[in-house]
2 protein chains.
Amino acid sequence: MPVDDLCVSRVPIFQGLTREEQLRVAEFVRPVHVAKGETVYSPGQSVSRLLVMHSGQLKVSHAAANGQEQILRTVTDGDVVGERAFLTGHLPNDLVVALEDSRMCVFDHTDLSALLRDYPDVGLRMLRTLSDRLASVERLLAAITSSDVSARIAAYLLDLPGSIRDGVPTVWLPLAKYEIASYLGTTPETLSRRLAALSASGVIELHGRRDVTILDIDGLERVATPR
Amino acid sequence: MPVDDLCVSRVPIFQGLTREEQLRVAEFVRPVHVAKGETVYSPGQSVSRLLVMHSGQLKVSHAAANGQEQILRTVTDGDVVGERAFLTGHLPNDLVVALEDSRMCVFDHTDLSALLRDYPDVGLRMLRTLSDRLASVERLLAAITSSDVSARIAAYLLDLPGSIRDGVPTVWLPLAKYEIASYLGTTPETLSRRLAALSASGVIELHGRRDVTILDIDGLERVATPR
DNA sequence: CACCGAACATGATCTATGTCAAGGAGTTCC
DNA sequence: GGAACTCCTTGACATAGATCATGTTCGGTG
């Protein structure tokens with residue numbers, strides 16, 4: 001099964017296993033492809049599975065009590081989704097939607113349980129992944145409570161995986177602006193104003209809707225670390 | 001070693017091991033006692049250990065860039081501290097201080113690594129603990145970005161382990177008010193005002209500095225879930 | 001290629017909460 | 001049991017950012 005094999009071997013939490021072990025793990029796994037815009041997971045869904053991302057990007061959001069959608073995170077290669085349902089037995093109450101065409105490894109919970117018992121390394125790597133996520137949420141939390149919106153935006157832009165185009169650092173926003181606003185704990189209006197301000201002061205340049213070039217990295221870093 | 005034994009057997013992540021296994025784990029573990037006010041962990045400390053709480057209470061805080069102390073969480077029985085340093089190799093950059101006299105099991109990292117390999121169940125329970133923490137931080141984050149301070153306070157009070165005194169639900173604040181303010185992403189002044197308002201509207205009653213009786217649970221829940 | 005709708009920008013206004021300042025109350029420690 | 005220090009409360013004020021409303025741009029679609 002070359003496809004399953006590929007799926008397992010590409011994902012960080014299964015690296016460190018021998019090829020033979022990977023093949024055995026592959027028997028438990030189902031490779032799944034979802035198209036952009038499709039819903040992967042919806043709240044209260046009784047059948048719950050563990051997803052391990054392999055390519056593409058998903059967004060995880062939470063319908064708050066007041067009806068607002070709160071973006072919790074975006075997940076990319078190597079990230080894990082749905083571990084809480086497996087670990088604690090609670091039903092998932094997040095909404096997961098594909099931002100791009102995505103591929104992932106899917107495990108049923110019963111299988112996963114046995115898997116972790118047989119391959120402690122996998123558990124260790126999962127722990128590492130969760131620990132990273134925890135650190136990243138705590139960073140975001142600290143950022144939201146202790147800095148203003150401009151600083152959060154700057155930090156967000158600096159965190160984004162960037163590329164160099166024509167010698168200038170460029171980032172491609174993975175989310176629509178109103179979604180970024182939600183993620184950063186603000187509103188689209190404020191985000192728009194602050195981006196405009198950063199642009200006016202020559203720190204960044206906006207091209208089209210999702211394309212940002214960073215003209216002055218140091219300046220942006222200064223904004224991200226306020227006094 | 002009955003003391004070590006006790007330490008290990010009292011902690012959730014080691015339950016599920018047989019008595020014999022617990023005894024073997026106990027060899028790795030060092031029981032530690034810290035007095036109220038003592039520092040358990042400080043940022044950048046090069047020797048890092050894993051703590052598993054057993055009794056008492058610690059507070060974990062983070063010195064933000066602007067010098068403000070941000071309270072990240074309080075940890076109580078069964079909680080784990082310092083796993084990130086172990087899992088990722090990064091130095092800890094949180095400050096951990098004992099709020100009460102506390103007892104905990106301490107592992108050195110090298111030992112822990114072997115432990116997780118030998119007892120996959122321990123890893124699984126650690127995963128569960130981390131997953132709970134993640135969920136709780138994500139809840140806090142959502143609360144901070146999508147509700148006002150009154151709602152956060154109400155939710156906080158409802159979350160606190162409460163007792164019944166004279167037939168009335170009573171909570172004992174585990175932190176000083178200025179620390180609670182930090183945890184909830186606000187200031188002592190605002191917290192004070194909101195508590196006063198809740199008190200004025202007859203929902204709660206304040207006694208002394210840390211003692212709160214809840215007169216109207218439904219009312220408090222209504223405040224916690226705003227429209 | 002022109003249309004259409006969603007996403008975005010901008011302006012005017014309002015309000016919750018932060019900030020600064022000063023006085024009061026609760027603990028703690030001798 | 002009282003002094004002394006924190007912690008907490010209250011007040012007056014300033015302001016970042018939310019909200020509401022309207023106009024504009026982009027990018028996909030027929």
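Just so we're on the same page: letters track the sequence lines, and every chain starts at 1. Values in this document were obtained by computation on a predicted structure and should not be read as measured data.
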> Closest approach of A:Q57 and A:S102, non-hydrogen atoms and distance?
Replying inline: N-OG, 3.1 Å
> For DNA chain C, whose closest nucleotide is more 5', that of B:L191 or that of B:K36?
Replying inline: B:L191
> 5'-most contact on DNA chain C: B:E189 or B:G208, nearest heavy atom basis?
Replying inline: B:E189
Separation of atom [atom1] in [X] from atom [atom2] in [N], rounded to whole Å:
| X | N | atom1 | atom2 | answer |
| --- | --- | --- | --- | --- |
| B:L173 | D:dC8 | CG | C1' | 13 Å |
| B:I153 | C:dT17 | CD1 | C1' | 12 Å |
| A:L175 | C:dA7 | CG | C1' | 14 Å |
| B:L195 | C:dT17 | CG | P | 13 Å |
| B:R152 | C:dG18 | CZ | C1' | 12 Å |
| A:D148 | C:dT19 | CG | P | 11 Å |
| A:R210 | D:dG27 | CZ | C1' | 11 Å |

> Is the base of C:dG11 touched by the side chain of A:R193 through a donor-acceptor pair closer than 3.5 angstrom?
Replying inline: yes
>> By nearest atom, which of the nucleotides D:dT25, D:dA18, C:dT17 is closest to the A:R209 side chain?
In response: D:dT25
>> Using the side-chain heavy atoms of A:A176, tell me which of these nucleotides is nearest: C:dT10, C:dC8, D:dC7.
In response: C:dC8
[N] phosphate, OP1 or OP2: any side-chain N/O from [X] under 4.0 angstrom?
| X | N | answer |
| --- | --- | --- |
| A:T187 | D:dA18 | yes |
| A:K177 | C:dA9 | yes |
| A:T190 | D:dA16 | no |
| B:R194 | C:dT17 | yes |

> Does B:R125 reach the main-chain N or O of B:P12 with its side chain, forming a donor-acceptor pair under 3.5 Å?
Replying inline: yes
>> Closer than 3.5 angstrom, by distance alone: can the side chain of B:R49 be matched with the main-chain N or O of B:V106 as a donor-acceptor pair?
In response: no
>> Between A:E83 and A:R133, does any side-chain N to carboxylate O distance fall below 4.0 Å?
In response: yes
> Of A:L175, A:L160, A:I71, which is the lone residue that meets side-chain contact (heavy atoms from CB on, under 4.5 Å) with A:I180?
Replying inline: A:L175
